[in-house]
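Down below is the structure, laid out as structure tokens.
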Amino acid sequence: MKPIHLFTAAMMGLATLAHADVSKKDQEFITKAAVGGMYEVEAGKLAKTKGMLEGVKSYGDMLVNDHTAANEELKALATSKGATLPTALPADKTRKLEKIGSAKDFDKQFVKQVGQADHKTDISLFEKASKSADDADLKAFAAKTLPTLKAHKEHADGLTQQAKR
């Protein structure tokens with residue numbers, strides 16, 4: 001092998017090692033958490049523009065602020081671990097936002113889908129990671145973020161009655 005090829009092969013091996021800092025399970029958590037966070041930011045923006053109730057609009061604002069902060073923290077953590085992050089929402093999440101955005105009873109559908117159902121899923125994901133992530137920093141991130149997700153769900157539960165009117 002020529003020296004340049006040996007060097008290239010060695011560097012490719014190092015690049016692979018640099019991305020081996022997280023387990024497959026932790027990478028799955030990072031990916032799901034990142035997609036969920038991006039989705040919540042976009043959903044929050046939607047609530048701020050489409051919401052009829054002031055409570056739904058302010059809830060959307062809270063989602064944008066809280067999930068943007070969590071997304072930035074996750075991005076920094078993932079980068080430091082050599083993990084990959086999705087750069088865009090998957091098509092199913094985009095379609096879901098479009099469906100909620102076009103609902104005649106937007107406030108009700110938003111609270112039900114984003115505030116309650118999606119946060120229930122997120123809480124489950126973060127509870128599991130806070131207990132069983134392989135990486136201690138990811139475990140700590142999940143545990144730190146969990147109370148915010150629970151607060152979002154509780155807030156949505158409170159909005160349910162308002163959105164039914």
Side-chain angles (χ1 to χ4, degrees), residues 6-48 55-98 100-101 110-160:
L6 282 174
F7 177 76
T8 303
M11 292 311 291
M12 289 177 68
L14 288 176
T16 302
L17 286 176
H19 291 284
D21 291 344
V22 294
S23 67
K24 182 178 178 185
K25 174 176 67 172
D26 287 355
Q27 178 62 60
E28 287 174 10
F29 166 73
I30 289 169
T31 300
K32 287 179 181 180
V35 166
M38 288 188 297
Y39 171 81
E40 295 293 340
V41 169
E42 293 306 313
K45 290 176 183 176
L46 195 60
K48 288 168 50 172
V56 170
K57 289 180 180 196
S58 66
Y59 182 66
D61 196 42
M62 179 176 59
L63 292 180
V64 170
N65 293 333
D66 292 349
H67 285 281
T68 296
N71 291 351
E72 290 301 317
E73 188 175 346
L74 179 62
K75 181 179 179 181
L77 182 59
T79 300
S80 76
K81 303 291 180 182
T84 56
L85 286 168
T87 56
L89 279 177
D92 64 320
K93 293 286 189 186
T94 302
R95 282 191 302 274
K96 190 173 183 180
L97 285 172
E98 289 169 355
I100 294 167
F110 175 81
V111 170
K112 181 179 174 185
Q113 290 298 312
V114 177
Q116 294 178 309
D118 292 333
H119 275 89
K120 183 178 179 184
T121 301
D122 292 343
I123 289 166
S124 177
L125 174 70
F126 277 72
E127 281 177 339
K128 182 178 176 185
S130 72
K131 295 173 185 162
S132 66
D134 293 326
D135 183 87
D137 295 331
L138 279 175
K139 198 180 273 192
F141 168 76
K144 176 185 169 189
T145 308
L146 201 48
T148 302
L149 296 172
K150 288 179 178 180
H152 288 175
K153 171 122 177 16
E154 288 173 17
H155 193 101
D157 291 344
L159 286 172
T160 301

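Count residues from 1 along the sequence.
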Could you pull out all residues at least two apart from P86 that satisfy side-chain contact (heavy atoms from CB on, under 4.5 Å)?
T31, A34, V35, M38
State whether K144 and E73 are salt-bridged, where the test is any N-O pair (Lys NZ or Arg NE/NH1/NH2 against Asp/Glu carboxylate O) under 4.0 Å.
yes
Between the main-chain N or O of A117 and the side-chain N or O of T121, is there a donor-acceptor pair closer than 3.5 Å?
yes
For a 4.5 angstrom cut-off between non-hydrogen side-chain atoms, does L46 reach V114?
no
D21 (side chain) donor-acceptor with G82 (main chain) under 3.5 angstrom:
no
Flag, side chain of E127 to backbone of L146, donor-acceptor distance under 3.5 Å:
no
Taken in chain and number order and not counting sequence neighbours, the residues that satisfy side-chain contact (heavy atoms from CB on, under 4.5 Å) with T94 are L89, E98
Looking at every heavy atom in both A47 and G60, which two are closest together, and how far apart are they?
CB-CA, 3.8 Å
Between Q113 and D118, a side-chain donor and acceptor under 3.5 Å
no
May I ask you to decide if the ring planes of F141 and F126 are parallel, tilted or perpendicular, using 30° and 60° as cut-offs?
tilted
Can E42 and K45 be counted as an ion pair, charged N to O under 4.0 angstrom?
yes
How about NZ on K48, more than 12 heavy atoms from neighbouring residues, nucleotides or ligands closer than 6.0 Å, or not?
yes
Looking only at non-hydrogen atoms, find the nearest pair between F110 and A43 and report the distance.
CE1-O, 3.3 Å
Closest approach of Q27 and A83, non-hydrogen atoms and distance?
OE1-CB, 3.3 Å
From OG1 (T145) to CG (D122), nearest 0.5 Å
10.5 Å
When you look at K153 and D157, which way does the salt bridge (Lys or Arg N to Asp or Glu O under 4.0 Å) test go after all the steps?
CA-CA 6 Å; K153 171 122 177 16; D157 291 344; 3.2 Å; yes
Side chain D26, main chain D135, donor-acceptor under 3.5 Å
yes
Rounded distance (nearest 0.5 Å) linking atom CD1 of I123 with atom NZ of K120:
9.5 Å
In terms of heavy-atom contacts, Y59 and H155 come closest through CD1-CD2, 3.2 Å
Heavy-atom closest pair, residues S130 and A142:
N-CB, 3.6 Å
Are K57 and D61 close enough for a salt bridge, meaning some N to O gap below 4.0 Å?
no
If you measure from CG on L77 to CG on L138, what distance do you get to the nearest 0.5 Å?
4.5 Å
Once rounded to the nearest 0.5 Å, what's the spacing between atom CG of L85 and atom CG of N71?
9.0 Å
Does the plane of the ring in H119 sit parallel, tilted or perpendicular to the ring in H67? Use 30° and 60° as the thresholds.
tilted
Heavy-atom count check: over 12 atoms from other residues, nucleotides or ligands less than 6.0 Å from K32 NZ?
no
Exercise: identify the closest heavy-atom pair between L159 and V111:
CB-CG2, 4.0 Å
Results of side-chain contact (heavy atoms from CB on, under 4.5 Å) for S132 - residues two or more places apart only:
K25, K128
